[in-house]
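To start, the structure under review is shown below, and the notes come after it.
Chain naming here is simple, since letters A, B, ... match the order of the sequence lines and numbering starts at 1 in each. In what follows, every heavy atom counts, from backbone to side chain, and hydrogens, waters and symmetry copies are set aside.
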Amino acid sequence: MNKYHQISLSVNGKNIQREVPARLMLADFLRQDLSLTGTHLGCEHGVCGACTVLLDGDAVRSCLMFAVQADGREITTIEGLTPNEGLSSLQKSFCDHHALQCGFCTPGMIVTAEAFLQRGGKIDEASAREAISGNLCRCTGYQPIVAAIVVESKRRTTTAEAGDAR
Amino acid sequence: MLANSSGEAKVIAGGQSLVPAMNLRLSAPKVLVDLTGLEELTKLGLADDGSLAVGAMVTHSRMLHDGQVKKGWPVIEQVLPFVAHEQIRNRGTIGGSLCHADPAAEWAAICVLLDAKIYVQGPSGKRAIPASKFSSGVYETDLEPNEILTEVVFPPAPDHMRWGFHEISRRHGDFAMAGAIVGVGLDSAGRLTDIRLVVFAVEDKPRRIDADVSHCLGMTFDAASIDALSLSAASCVTPRSDLHASAELRSDLVYACVRTALMRVIGITTVRQV
């Protein structure tokens, strides 16, 4: 059995080729091999959501996926959702609402929320709460996070409508 | 590969149960055989006879958002939001859930409710197993070590039936301590003509208890029959005791789940627990 695999994938828009051990988790690959340490590892068994990344646009747990399983796929991490200068509008909304304290869960929250906002379904307090139900935060009590997401979704809708009107 | 591994290989589908077990060192297979490359296992579509054929590697999310599933098997859309969380549903598969055979898994209960057939394949060919016979106990299935689950086929759901679901867990998305899915058919006078009832997360595997509640057939579908049905359901199960709930509590939860599931059939969503 091969103990190593050659993989080729896109991470934050960059094509990456590497040889990886079969047992290497995607989260460890991102953090250790690619130095993308924004992806956090909390529980390592799929409960806390801190390691959430986008796999072809869908939110997944990078602690429950082997790096070799990302071969040929497109991965987006928190670094890929952050502009080179400053913060994304969702990140700003998190700041405005005090939606983080220690910040450990925040990358996972932002990645999950971004996937939720981009899916374009109905967004209100209940659906936002449901969307982040797979992400644990031990500081905020969730209310500011939910508010940050809902306000950002309203802002995006207004901006899109203003764009249509033009 | 599976045949040559003398039992040390494990099939990985979505990995949302197996990988946590490996990370916790509860499971340590020497070899993993990933089914991701097998494109025919990702097929999802209607067969000529109107049944729904679902490849083993179809994810929970795909089933949840599929138009054909919503239209023909609406109960699936009711239940799937309760399968873990979005991130898990994006990777976890129907085949993986069934092979893992957790008694609290919603998929096994849906398959038993809808009389699904489960197709498995190995060196000696393909065979079909009725959903009720597939799981043989907690984390145990009828699969041979060299077989894989390939497809789940749902017969057309009876369109005169209406469906309700309820499960009770400590937090949304956690494993249920008890759950029930019910389908009822009513005549023009509002009397019960058909009942399908599956209870899960209670015994070693989900079980249909239609026969135990069949004395309610012919009754008007109202508060009294809902109560009678729920009581019968609670008294016919033999619940397990574990860390999360005692057998006694589970029996009470069965009553509450069946009652709430039946209320949901008629569109009552908030129920005062008695």
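With contacts defined as side-chain heavy-atom distances shorter than 4.5 Å, the pair B/Ile88/A/Val60 does not qualify. Put simply, the side chain of A/Leu64 does not reach to within 4.5 Å of the side chain of B/Leu18, judged on heavy atoms. Between A/Phe66 and B/Leu32 there is a side-chain heavy-atom pair separated by less than 4.5 Å.
Ranked by heavy-atom pairs shorter than 4.5 Å toward chain B, the options A/Cys43, A/Gly46, A/Ser133 are led by A/Ser133.
B/Asn23 CG to A/His45 NE2: the interatomic distance, rounded to the nearest 0.5 Å, is 9.0 Å. Annotation: the span from A/Arg73 atom CZ to B/Thr36 atom OG1 amounts to 7.5 Å, rounded to 0.5 Å. The CZ atom of A/Arg61 sits 12.5 Å away from the CZ atom of B/Arg91 when rounded to the nearest 0.5 Å.
In plain terms, the two heavy atoms of A/Met25 and B/Val19 that are nearest each other are CE-CG1, 3.5 Å. Across all non-hydrogen atoms, the minimal contact from B/Ala13 to A/Gln69 is O-NE2, 4.3 Å.
Within 6.0 Å of CD in A/Gln6 there are more than 12 heavy atoms belonging to other residues, nucleotides or ligands. A 6.0 Å sphere centred on CZ of B/Arg170 holds no more than 12 heavy atoms belonging to other residues, nucleotides or ligands. Residue-environment remark: CZ (A/Phe104) exceeds the threshold of 12 foreign heavy atoms within 6.0 Å. More than 12 heavy atoms of other residues, nucleotides or ligands lie within 6.0 Å of CD in A/Glu19, so this atom counts as buried by the packing criterion. The 12-atom threshold is exceeded at NZ of B/Lys70, counting heavy atoms of other residues, nucleotides or ligands nearer than 6.0 Å. Surrounding CD of B/Glu39 are at most 12 heavy atoms belonging to other residues, nucleotides or ligands under 6.0 Å away.
Contacts between A/Thr52 and chain B at a heavy-atom distance below 4.5 Å involve the side chain alone, from C-beta outward. If you measure heavy-atom distances from A/Phe116 to chain B, you find no contacts under 4.5 Å at all. Using a 4.5 Å cut-off between heavy atoms, B/Arg89 contacts chain A through its side chain alone, with no backbone atom that close. For A/Arg119, the part sitting under 4.5 Å from any heavy atom of chain B is the side chain, from C-beta outward, and nothing else. Proximity to chain B is absent for every atom of A/Ile132, based on heavy atoms less than 4.5 angstrom apart.
A donor-acceptor contact shorter than 3.5 Å is absent between the side chain of B/Asn90 and the backbone of A/Asp58.
A side-chain donor-acceptor contact under 3.5 Å links B/Gln87 and A/Asn135. Between the side chains of B/Glu86 and A/Thr112, no donor-acceptor pair of N or O atoms lies under 3.5 Å.
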